[in-house]
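One structure below.
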Amino acid sequence: MAAELHGPDLLSAVVLLGAGVVAVPVFKRLGLGSVLGYLAAGLVIGPFGLKFFSDPQTILHVAELGVVMFLFIIGLEMQPSRLWGLRKEIFGLGALQVGVCALLLTGVGIATGFPVAISFVAGAGFVLTSTAIVMQLLEERGEISSTKGQRMVSILLLEDLAIVPLLALVAFLAPIAATDAPPSGLRWMDIGIGVGAVVGLIVAGRYLLNPLFRFLAQSRAREVMTAAALLVVLGAALVMQVSGLSMAMGAFLAGVLLSESTFRHQLEADVEPFRGILLGLFFLAVGMSLDVSVVTANWRSVLFYVAAFMVVKGIAIYVVARLMRSSHTEALERAVVMAQGGEFAFVLYSTATSVGILDGRANAMLTAIIIISMVLTPIAIIGLRYILPREKQSLDGVDVAEGLSGSVLVIGFGRFGQIASQPLLMRGVDVSIIDNDIEMIQAAAEFGFKVYYGDGTRLDILHAAGAGRAQAVLICVDKPDTILAIAEHIKAEYPLVQVYARSFDRGNTLALIKAGVEYQIRETFESALSFGENTLIGLGVAPEEAAEIIGDVRQRDAERLDLQLAGGIRAGNDLMRGNAPVPGPLVKPRQTGRALSEETARVLPAAQTADSAN
């Protein structure tokens, strides 16, 4: 009876999820990245590993939806105006890179004795970089919105567009290898259908999608909005697929058309969970698809072409990048990141096989070459970190801290330091300022500030900046570990110098007090109290009563901090007012009013007294 029930294959689902859950954290902990973790897990559980799956192509077809949704989310971030601003990179840099790489990779095939048609298909497929891998790497490193990241995204968009003419060229090349190729009239019809699909999608997106989501939002059914978001993504992908184009390009266009919609953030939140799971499934399926028997039977040829294609493509990318005036570091990094083949090569090779340009064995070998190049990319990027020296910022026009003699030394000149320095400068105090952000130093100079370059965590820099000669040192940096390190260095080396520190949070405050600073203030404490006081006044509370309440909050906070210094971070919680339905008893502070009790003032260091009074 159980055999007659055709329920879901829970074992397959458990194996897929388990492989990702185990492999990805391990590989990320080893510094190898999540992509390589998924690929390795796929190889282990696939038909050439533990044999949990025998037909990875089925999973791969489903998992391609992860790439589709990824491109949709990228499209949501690409407003038409922003996309128009990248037109030079897309159609200039992207077209040049695709053209040069295709020419050189085709030359590799011809030079090793293959016909022109086969060489072109093999090389053109390898030109199409893996959008999934590159975008995942950029996302993990937080570089999608950076200048170099935007250039890579532009090239990837052009490569996605290039699949259309490449498929058309495969059809034109088919008579060289097969006599049953479709007539030229039918080829032009296919191209016309593709162009019509793009135009139709743009028109529908411009005039139909926003009214649709506005109507659905009125129903206030969250699941309907989620279903509609998936419908838009998959529908756009289906239109493109039926038209013979890239599913990912359809999803990207749908995202771009919705990028200026008021529902953009809601759509992104709805699609994101599906995107993450399916993209991981895609990499698992790619790992499963590696035909180990083909690799072992032709390992010399496979390894030769993997190396040849990756090296030639990398060199071509580097040269094009340098011609387009990218720095050596950026060009080299782009060459390594984009030197692999991609998932769209599978589509191109499959089409070439169906029209007779490639046979089954050649298709299997080229697919293995693509997959191995995808596996090697994360490893190559790790190697690049050790080969490539860290790019040093230019110190042109920036003076290094040396022999400074101001009576007050300010360390860190961000938002906090800029405001904190104003009262001192207005009073005519001699202030020296150091920071280790060159761009900020250069920007500050445009507004009339002289900021010296220096790292406040180094004792030699503190000495050169005059910390030992200053009456006071203001620590205005924003990282809690750095704040504490600077305070400890100064108090150990120059114990008589007054130290005033910006604190990140309550834990940082306790550590600074124990380090012996004269004054510390949590960076959001005063602004939050002022915010709360003005809210009370706006709600109709008399200003005098609001000020008294804020004074009570200050005093309770000081009492609590006093208890935490002696009993740990969880001490004194009964001094706070919570919003639970049944609040616990609120302990009265030891003295009402705004001033601290004498006992508290004796127990607390001067730093806390100042914090509480302000």
Side-chain angles (χ1 to χ4, degrees), residues 7-71 73 129-144 230 269-296 302 306 336-337 340-343 346 367-386:
D9 187 357
L10 293 181
L11 177 61
S12 297
V14 169
V15 170
L16 287 170
L17 294 174
V21 168
V22 171
V24 172
V26 171
F27 273 71
K28 292 198 75 172
R29 178 65 63 89
L30 295 174
L32 300 176
S34 60
V35 173
L36 193 56
Y38 281 122
L39 293 172
L43 182 60
V44 170
I45 65 177
F48 304 100
L50 299 178
K51 303 184 185 302
F52 282 105
F53 300 92
S54 59
D55 187 15
Q57 291 300 319
T58 302
I59 299 175
L60 185 61
H61 290 320
V62 175
E64 283 177 356
L65 296 177
V67 182
V68 168
M69 292 183 182
F70 202 0
L71 266 293
I73 292 176
T129 306
S130 174
T131 302
I133 285 183
V134 174
M135 295 302 297
Q136 182 81 353
L137 291 171
L138 291 176
E139 184 182 46
E140 288 181 356
R141 294 157 62 176
E143 295 180 351
I144 287 182
L230 294 174
D270 288 337
V271 172
E272 178 66 27
F274 300 95
R275 188 275 299 181
I277 293 174
L278 288 172
L279 193 60
L281 189 60
F282 170 80
F283 290 124
L284 282 170
V286 170
M288 292 184 217
S289 301
L290 181 60
D291 193 333
V292 178
S293 62
V294 171
V295 176
T296 54
V302 170
V306 168
V336 173
V337 170
Q340 85 287 143
E343 52 275 1
F346 304 148
T367 300
I369 290 169
I370 294 292
I371 294 173
I372 292 173
S373 73
M374 294 169 74
V375 171
L376 290 177
T377 297
I379 300 174
I381 292 173
I382 294 171
L384 183 65
R385 296 174 189 168
Y386 297 97

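Numbers for residues simply follow the sequence, beginning at 1.
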Worksheet entry | Qualifying residue, where the test is side-chain contact (heavy atoms from CB on, under 4.5 Å) with Val336 and the options are Thr377, Ile382, Leu384 | Leu384
Item to complete: Could you tell me which residues satisfy side chain to side chain donor-acceptor pair (under 3.5 Å) with Ser373, sequence neighbours excluded, listed by chain and number?
Response: none
Discussion item. Closer than 3.5 angstrom, by distance alone: can the side chain of Gln340 be matched with the main-chain N or O of Val375 as a donor-acceptor pair?
Written reply: no
Fill in: Residues in side chain to side chain contact (heavy atoms under 4.5 Å, CB included) contact with Val306, at least two apart in sequence or another chain
Val302, Met310, Ile369, Ile372, Leu376
Worksheet item: Considering all heavy atoms of both residues, which atom of Gly342 and which atom of Ile370 are nearest to each other, and what is their separation?
Response: O-CG2, 3.6 Å
Worksheet item: So, for Gly37 and Phe27, which heavy atoms are closest and what is the spacing to 0.1 Å?
Response: CA-CG, 3.5 Å
Worksheet item: What's the shortest heavy-atom distance between Tyr38 and Leu284, and which atoms?
Response: O-CD2, 3.4 Å
Discussion item. According to side chain to side chain contact (heavy atoms under 4.5 Å, CB included), who are the partners of Leu17, at least two apart in sequence or on a separate chain?
Written reply: none
Discussion item. Using every non-hydrogen atom in the two residues, find where Gly20 and Pro25 come nearest and quote the distance to one decimal.
Written reply: O-CD, 3.8 Å
Worksheet item: Can you tell me how far CG of Leu50 sits from CG of Leu43, rounded to the nearest 0.5 angstrom?
Response: 9.5 Å
